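The structure under discussion is supplied below as structure tokens; questions concerning it will follow.
Fair warning: this is a prediction, and the values are worked out from it, not measured in the lab. Here is how names work: the chains are called A, B, and so on, in the same order as the sequence lines, proteins then strands, and each is numbered from 1.
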Amino acid sequence: MSSNYNPQSIEKDIQDKWDKQNKYVTRVDERKKYYCLSMFPYPSGKLHMGHVRNYTIGDVISRYKRMRNFNVFQPMGWDAFGLPAENAAIANKVSPKEWTNQNIENMKVQLQSLGFSYDWSKELKTCEPNYYKWEQLIFKKLFDAGLVYRKKSLVNWDPVDETVLANEQVIDGKGWRSGAQIEIKEIDQWFIKITKYAEELLDSLENLDWPENVKRMQRNWIGKSNGAEIKYKIDNSKEFLTTFSTRPDTIFGVSFLAISPNHPLAVNLAKSNKEIYEFLEKCKEIKAAEADIAKADKLGIDTNIKVIHPLTGKKIPVWIGNFVLLEYGTGVVMGVPAHDARDHEFATKYNLDIKQVIETDNNDFPILQKGKLINSENFNGMQSDSASNEIVNELTKLKLGEELIQFRLRDWGVSRQRYWGCPIPVIYDGDVPSVLGENDIPIELPELEENEPPTPLSQNEKFLKLNKGFRRESDTFDTFMDSSWYYARFTSADNEDEIFDEKTKYWLPVDLYIGGIEHAILHLLYSRFFHKALRDIGLVEGDEPFKRLLTQGMVLKDGAKMSKSKGNTVDPQPYIEKYGADTVRLYMMFTSPPEQSLEWSESSVEGSARFLKKVWNLISARKYSKLDGRFDFSKEELALRRKSHATLKKVENDYEVRFSFNTAIAAIMELLNSIPEDFKDSMAPDSKKYCLDEAILFILQMLSPIAPHICEYLWSNFYGEDFDIESSWPEVNENLLEIEEFELIIQVNGKVRGKLKVNKSTEQEEIEEMALNVENVNNFIGSSKLKKTIYVQEKLINFVI
RNA sequence: GGGGAUGUGGUGGAACUGGUAGACACGCUUGGCUUAGAACCAAGUGCCGCAAGGCGUGGGGGUUCGACUCCCUCCAUCCCUACCA
């Protein structure tokens, strides 16, 4: 007699068995490899449902691929450096290291209790010298390759705490702890030349098997634009102001130039002009995040400097505008109020000229579309595109401009003024930096004393001070550095002597990368760049790190992304304890398709638990009958077999092509529901038993990637221990899928008025006649004349009257 | 401000290529079982309507024999915006 389904005990047993067998420790072998990677977590404390969703998707695919005889590598590790550890350290008086390691321990136990088939022998933590020494080596190699440089750049400065703040730590322009008005400050920082790879990063998106929306976001972010550089001579000076514009055709509509508050000219003017000085001070109160700058009121101040228009020779005023970014283009914008929305807003506010130079029917400024030029001297009557060419030619002749391709993408600033990060391996002799090489690394992060709060390394004299007046670099790396190459290090994480090895060659690239859509741009772009740079310094092969990408939608709680810092996380633990890991996994996969964002709700967890119970009740007390399948099956028996095979076909497609786990589960539920009662009777004839056995085997195999514990348990009980469910996948018998009848939908004027079972071999004429004779259809057509009849093969017929 | 998504019953969602809207679940209703409850089983369940039928995929408009699906427009929500990860 069967006992009740008790997930807690069987899950523990099955997991112990896997452990004992080292089942998921992976080795290079002759099978086809499949590297399935889920984005490693920041160890924030506990798992939340967003993690569970992400990691269940990865595990389902890994397990499925294993059943299809792939050599699957699925590692897991920790993105262990970062700001929250420092915050926690200050709040709770534990060192960032201790806090992080404790969190890792907790989260690892949770991951293991969910039964994810990770190869833990390759676990890595980015906060260990063992990992970051290689990052320091990479930095040295990038430096030697000419990809690293230093330049001044802006940070949010808290004048009270005397620290640099992350954008997240600035709330309404105030420091989150001190409450002080922040100010934008310029400091020296390290940059990596990602822009050198802009063109390649753009071009090689083409062939990636990534979701179109992610590719689109990356394309827009890189932002290649064709335009021209145009020089405006400063009146009464030999200097020029250079602008970049994608619309040189509107050059006759320029009525002002706007320069960034951080532009050297503006900074210079502020030294002798009190009003400008005050304006710049005011601009410093807006935090250095693009969204904040863009949303701030557009403010400007006239510098009283004029420039000479390169084609008309007219004098044009130069303004300072708080919306102009120094980092993008030249930090100077040519203002064309009639044909640019932002310029229009600015000009209206400050009463600057608005001059129309493109003809349109209505004069609703701004007019953004291209068209025929007016008010443009010799260029009147030309169309925008050819006018742009002609104008650029003219400017080139005058040596006042030239055609230019510009990218929106900016170089990557990797300096952070923090404690809990990878030290940048540099020492200074006075102001002169040298990047340390292989023999001098790792530069280890200094340990903190008991109860010592973490302060930026710049305040740690013991660490900074070296012999003979040398000093260490006090900045640490952006944590995006850590996560930009971990996918490669996983393959050789057990190798202490080399950064990468033979295994790296075997496993890379990642065949499927799974993670949150919020990483669509930064993390994924930095990793793609790193891979190309690592390739060019001879450390890896191939052009791209991630062959295929699956971006899961966010798990929301109270309408916002679930995250520790927002304090709206939902811990899976109580659910695992109440229902078991299989139910939690099943529920997360069933409740919505992976790419969609999902508002957390537990309302139907019960349904998932109920389904597994049904599976248990059907199978736990049965044994496989070992029949050979040579029967003359009845219609009913064939129907069940057809359902089994059709479900298998659908599930294969859902797992492999569509990543649509909710529909796969629904199909398996349907199959289970469709088994007639009399097939389950112990006295049922062998032919029925055979069909039932087939359905049971299929259900267990199809479900096991999602609910591996219960399926493995039931499988060995039903089928026997000698054959592992993980090394088996059934085959679809296409012959069984053939049907001789189909249901015809009959429409009148596009509305369904009847249905009819029709034999597949029936001719169209006969079908029309049969359809017209259906009583309800006849009622609707009555004596009306048929205008048109549309027949869709084996599907539908529509009579238009 | 810019970029990317999403919007379907009371709820999560399905409809894969323009062809039956609401699969599969949750919830709810009724009945069975039970001393009672839980669990389980059976039937029903988009809305309006006694019915015939009509209406219905965020709002408005369009293309089509036919639109959740394509086009235009508006609205709402979420994510990213280079120092949260």
**Message:** Using OP1 and OP2 only, check whether a side-chain N or O of A:R610 sits under 4.0 Å from B:rG27.
**Reply:**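 Indeed, a polar side-chain atom of A:R610 lies that close.
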**Asked** OP1 or OP2 of B:rG2 less than 4.0 angstrom from a side-chain nitrogen or oxygen of A:N220, does that happen here?
**Response** no
**Request:** Select base, sugar-phosphate, or nothing to describe what A:P41 touches, counting heavy atoms under 4.0 Å on all strands.
**Result:** nothing
**Message:** Using a 4.0 Å heavy-atom cut-off, does A:V752 contact any base of the nucleic acid, only the sugar-phosphate backbone, or nothing at all?
**Reply:**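 Here A:V752 touches the backbone only, sparing every base.
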**Prompt:** Hey, does A:F480 reach any base, or is it just sugar-phosphate, or nothing, if we go heavy atoms under 4.0 Å?
**Reply:**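 Contact class for A:F480: base.
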**Request:** Using a 4.0 Å heavy-atom cut-off across all strands, classify A:W221 as base, sugar-phosphate, or nothing.
**Result:**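 Base, at least one base heavy atom under 4.0 Å.
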**Message:** Output the rounded distance in Å from CG (A:D654) to C1' (B:rC16).
**Reply:**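 Whole-Å distance recorded here is 9 Å.
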**Asked** Does A:Y655 use its side chain to pair, donor to acceptor, with the backbone of A:K650 at less than 3.5 Å?
**Response** no
**Message:** To the closest 0.5 Å, what do you measure between CD1 (A:I57) and CZ (A:F659)?
**Reply:**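 Reported value, rounded in 0.5 Å steps: 9.5 Å.
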**Message:** Categorize A:E743 for me: base, sugar-phosphate, or nothing, with a 4.0 angstrom heavy-atom threshold over every strand shown.
**Reply:**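 The residue A:E743 makes base contact.
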**Message:** At 4.0 Å (heavy atoms only), tell me whether A:Q169 reaches a base, stays on the sugar-phosphate, or touches nothing.
**Reply:** nothing
**Asked** Across all strands shown, which nucleotide pairs with B:rU64 by Watson-Crick or G-U wobble geometry, both distances under 3.5 Å?
**Response**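 Base partner found: none.
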**Prompt:** What is the distance from CG of A:L598 to P of B:rG12, rounded to the nearest Å?
**Reply:** 10 Å
**Request:** May I ask you to say what A:L796 touches in the nucleic acid, namely base, sugar-phosphate or nothing, with a heavy-atom cut-off under 4.0 Å?
**Result:** base
**Request:** May I ask you to evaluate whether A:R410 reaches the phosphate of B:rU81, defined as a side-chain N or O under 4.0 Å from OP1 or OP2?
**Result:** no
**Item:** Watson-Crick or G-U counterpart of B:rG7, or none if no pair lies under 3.5 Å
**Value:** B:rC75
**Message:** Classify A:G553 by what it touches in the nucleic acid, base, sugar-phosphate, or nothing, heavy-atom distance under 4.0 Å.
**Reply:** nothing
**Message:** Does the structure place the NZ or CZ of A:K151 under 6.0 Å from the centre of the six-membered ring of A:F191, at an angle of no more than 45° from the ring's axis?
**Reply:** yes
**Asked** To the nearest Å, how far apart are A:K566 NZ and B:rC78 P?
**Response**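 Rounded to the whole Å, the gap is 10 Å.
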**Item:** Length of the NZ-P vector between A:K215 and B:rA5, whole Å
**Value:** 13 Å
**Message:** Measuring to OP1 and OP2 of B:rG53, would you say a side-chain N or O of A:R753 lies under 4.0 angstrom away?
**Reply:**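 It does not, given that no N or O in the side chain of A:R753 lies less than 4.0 Å from OP1 or OP2 of B:rG53.
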**Message:** Nearest to the A:Q189 side chain among B:rG53, B:rC80, B:rC83, which nucleotide is it?
**Reply:** B:rC83
**Asked** Does any donor-acceptor pair link the side chain of A:E290 with the base of B:rG1 at a separation under 3.5 Å?
**Response** yes
**Request:** Look at all strands and tell whether A:A520 reaches a base, only sugar-phosphate, or nothing, counting heavy atoms closer than 4.0 Å.
**Result:**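 A:A520: no heavy atom of the nucleic acid under 4.0 Å.
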**Prompt:** Does A:N798 make a side-chain donor-acceptor contact with the base of B:rC65, cut-off 3.5 Å?
**Reply:**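 Between B:rC65 and A:N798, which were checked side chain against base, a qualifying N/O pair under 3.5 Å is present.
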**Message:** What's A:E518 touching, base or sugar-phosphate or nothing? Going by heavy atoms closer than 4.0 Å.
**Reply:**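 If one applies the 4.0 Å heavy-atom cut-off, A:E518 turns out to touch a base.
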**Message:** Going by purine N1 to pyrimidine N3 plus the second Watson-Crick contact, or the G-U wobble pair, all under 3.5 Å, which nucleotide sits opposite B:rU45?
**Reply:**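 Partner of B:rU45: B:rG27.
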**Asked** With a 4.0 Å cut-off on heavy atoms, is A:V605 in touch with a base, just the backbone sugar-phosphate, or nothing at all?
**Response**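 No contact.
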**Message:** Hydrogens and angles aside, do A:W485 and A:Y131 bring a side-chain donor and acceptor to less than 3.5 Å of each other?
**Reply:**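 There is such a pair between these side chains.
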**Nucleotide B:rG2, atom C1' - distance to CG of A:L368 in whole Å** = 13 Å
**Asked** Rounded to the Å, how far apart are A:F590 CZ and B:rG12 P?
**Response**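 Value for this atom pair: 13 Å.
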**Message:** Within the 4.0 Å heavy-atom criterion, would you say A:H519 contacts the bases, only the backbone, or no part of the nucleic acid?
**Reply:** base
**Prompt:** Just checking A:A289: base, sugar-phosphate only, or nothing, at a heavy-atom cut-off of under 4.0 Å?
**Reply:**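 Sugar-phosphate: the residue A:A289, judged by heavy atoms under 4.0 Å, touches backbone atoms but no base.
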**Request:** Look at the side chain of A:D478 and the backbone N and O of A:F480, then say whether any donor-acceptor pair between them is shorter than 3.5 Å.
**Result:**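 A pair under 3.5 Å: yes.
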**Prompt:** Contact class for A:K755 (heavy atom, under 4.0 Å): base, sugar-phosphate, or nothing?
**Reply:** base
**Prompt:** From B:rU20, B:rA14, B:rC83, pick the nucleotide closest to the side chain of A:N156?
**Reply:** B:rC83
**A:K295 NZ to B:rG1 P, straight-line distance once rounded to whole Å** = 8 Å
**Complete:** To the nearest angstrom, the CE-P distance between A:M554 and B:rA5 comes to 13 Å
